[in-house]
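What follows is a single structure, written as structure tokens, with notes after it.
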2 protein chains.
Amino acid sequence: MALENQELRKAGLKVTLPRVKIYQILEKAGEGDHFSAEDIYKLLLEHNEDVGLATVYRVLTQFEAAGLVSRHHFEGGHSVFELTQDEQHDHIVCVKCGKVREFSDPALKKRQDQIAKELGFKITDRTLYLYGECADGCKNTK
Amino acid sequence: MALENQELRKAGLKVTLPRVKIYQILEKAGEGDHFSAEDIYKLLLEHNEDVGLATVYRVLTQFEAAGLVSRHHFEGGHSVFELTQDEQHDHIVCVKCGKVREFSDPALKKRQDQIAKELGFKITDRTLYLYGECADGCKNTK
DNA sequence: CTGCATGCAAAGTCTTTGCACTCGA
DNA sequence: TCGAGTGCAAAGACTTTGCATGCAG
């Protein structure tokens, strides 16, 4: 049995074609790649998988609830998804080409924790998005 | 002439009733208060100001373009607005009561700049949202 | 078999736009 | 006066939901 099937079972989700296919897309893309529901829907169509957009949303939402994927709200209204990684990380997005880089910085987190503590908050989640222009490799393609 | 009128003129916007009223709402609320378009719309209605929701959005968008207000996308889909403050700052949101606290930490920004530099990005914007539960004063009202 | 999962279409939410009318300068 | 600004309703973008059918276990 493939890895993804176990992940699905673990999450209490029946192993169905749409779920497996969507998981595979996210998995194959690897870290640092982010998809909108629409992106995934189109990829499925390209692979001749007859999956509805509504199902994509449903599956992604279930995956999120199960902790398999993380949902981000970058600028521009729609949500993007990525496989949840072991370590929580932040994002820097190129406003010109749309490229997303991830980074994780202990010092940054530590300082955030400290600030939250000073303000009397118990942090449950955090999002840091940096927006900018990437120097090299930015082909302005998006 | 009131302060807000000058601000509007400076932004190249004709001084009209909706714009003045909306500016006043944001101004009176002070720092740390955040409004959705809907919030402002309701407040206007309470003050018996006959302003359409579409106008609220238009005005807020114009204000944003003029740099008078900042738009944020917290969790939950809709945008919130606040008067732009002298210094860029971050937000910590209570997930239980919806309270928003602001903070600004030079060390945090400096580290972010450094990271961006290492990744070859020129930062144009940044958003850090911390989510958590505020210890005291949280009446779970929202 | 049995019920969870899916596809389709319809409904929802938040936001923007088109158009004729109104108001500020 | 006269064009920018406004209100209303309709349209749009993204996401969720209802319902009959289909498939996994």
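Order of the sequence lines sets the chain letters (A, B, ...), proteins ahead of strands, with each chain counted from 1.
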Judged by nearest nucleotide, the residue sitting upstream toward the 5' end of DNA chain D, A:His78 or B:Arg19, is B:Arg19
Is there a side-chain polar atom (N or O) of A:Arg9 under 4.0 Å from OP1 or OP2 of D:dG25?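 Yes, A:Arg9 has a side-chain N/O under 4.0 Å of OP1/OP2 on D:dG25.
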Compare side-chain N and O positions of B:Thr61 against OP1 and OP2 of C:dT15 and report whether any pair is under 4.0 Å apart. no
Tell me, please, which residues at least two apart from A:Lys21 pass salt bridge (Lys or Arg N to Asp or Glu O under 4.0 Å). A:Glu49
Please identify each residue that fulfils side-chain contact (heavy atoms from CB on, under 4.5 Å) with A:Glu118, with sequence neighbours left out. A:Arg111, A:Gln114
Return the set of residues passing side-chain contact (heavy atoms from CB on, under 4.5 Å) with B:Leu43 (not counting sequence neighbours), or none when no residue passes. B:Ile25, B:Phe35, B:Glu46
Check every strand shown and say whether B:Ser79 touches a base, only sugar-phosphate, or nothing at a heavy-atom separation below 4.0 Å. sugar-phosphate
Result block: side-chain N/O donor-acceptor pairs under 3.5 angstrom for residues 11-20 of chain A, not counting sequence neighbours:
{"unit_1": "A:Arg19", "atom_1": "NE", "unit_2": "A:Lys14", "atom_2": "O", "d": "3.0"}
{"unit_1": "A:Arg19", "atom_1": "NH1", "unit_2": "A:Gln62", "atom_2": "OE1", "d": "2.8"}
{"unit_1": "A:Arg19", "atom_1": "NH2", "unit_2": "A:Lys14", "atom_2": "O", "d": "3.3"}

Roughly how many Å is it from [atom1] in [X] to [atom2] in [N], rounded to a whole number?
X	N	atom1	atom2	value
B:Glu64	C:dT15	CD	P	12 Å
A:Phe74	D:dC14	CZ	P	16 Å
A:Leu45	C:dT6	CG	C1'	15 Å
B:His72	C:dT15	NE2	P	14 Å
A:Leu53	D:dT16	CG	P	10 Å
A:Glu49	C:dT6	CD	C1'	14 Å
A:Gln62	D:dT16	CD	C1'	13 Å
B:Leu60	C:dT15	CG	P	10 Å

Kindly give the atom pairs (protein nitrogen or oxygen, nucleotide nitrogen or oxygen) under 3.5 Å for nucleotides 11-13 of chain C.
none

Hey, what bend do you get for the helix from C:dC1-D:dG25 to C:dA25-D:dT1 if you fit axes on five pairs at each end, rounded to 10°?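 Computed from the C1' atoms at both ends, the axes differ by 30°.
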Answer yes when A:Lys110 and A:Asp105 have at least one side-chain N-carboxylate O distance shorter than 4.0 Å, and no when they do not. no
Using the salt bridge (charged side-chain N to carboxylate O under 4.0 Å, His left out) rule, collect all pairs that involve residues 54-74 of chain A, keeping only residues at least two apart or in two chains.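 Non-adjacent pairs meeting salt bridge (charged side-chain N to carboxylate O under 4.0 Å, His left out): A:Glu64-A:Arg71.
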What nitrogen or oxygen pairs link the protein and nucleotides 17-23 of chain C at under 3.5 Å?
{"unit_1": "C:dG18", "atom_1": "O6", "unit_2": "B:Arg58", "atom_2": "NH1", "d": "3.2"}

Which pairs pass ring pair (Phe, Tyr, Trp, His ring centres under 6.0 Å) with one or both residues in residues 106-135 of chain B, sequence neighbours excluded? B:Phe74-B:Tyr129
Listed once per pair and sorted, the ring pair (Phe, Tyr, Trp, His ring centres under 6.0 Å) pairs that draw on residues 36-56 of chain A, sequence neighbours left out: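 Non-adjacent pairs meeting ring pair (Phe, Tyr, Trp, His ring centres under 6.0 Å): zero.
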Set of residues satisfying ring-ring contact (aromatic ring centres under 6.0 Å, His included) with respect to B:His89, sequence neighbours excluded: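 By the ring-ring contact (aromatic ring centres under 6.0 Å, His included) rule, B:His89 matches B:His91.
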Any residue meeting ring-ring contact (aromatic ring centres under 6.0 Å, His included) with A:Tyr57, in chain and number order, not counting sequence neighbours: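 Partners of A:Tyr57 under the ring-ring contact (aromatic ring centres under 6.0 Å, His included) test: none.
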Among C:dA5, C:dC8, D:dG7, which nucleotide sits nearest the side chain of A:Thr16? C:dA5
How far apart are the closest heavy atoms of B:Ser104 and B:Glu87, and which atoms are they? OG-OE2, 3.4 Å
Measure across A:Ile22 and A:Val56 and return the closest heavy-atom pair with its distance rounded to 0.1 Å.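 Taking every non-hydrogen atom into account, CD1-CA, 3.9 Å.
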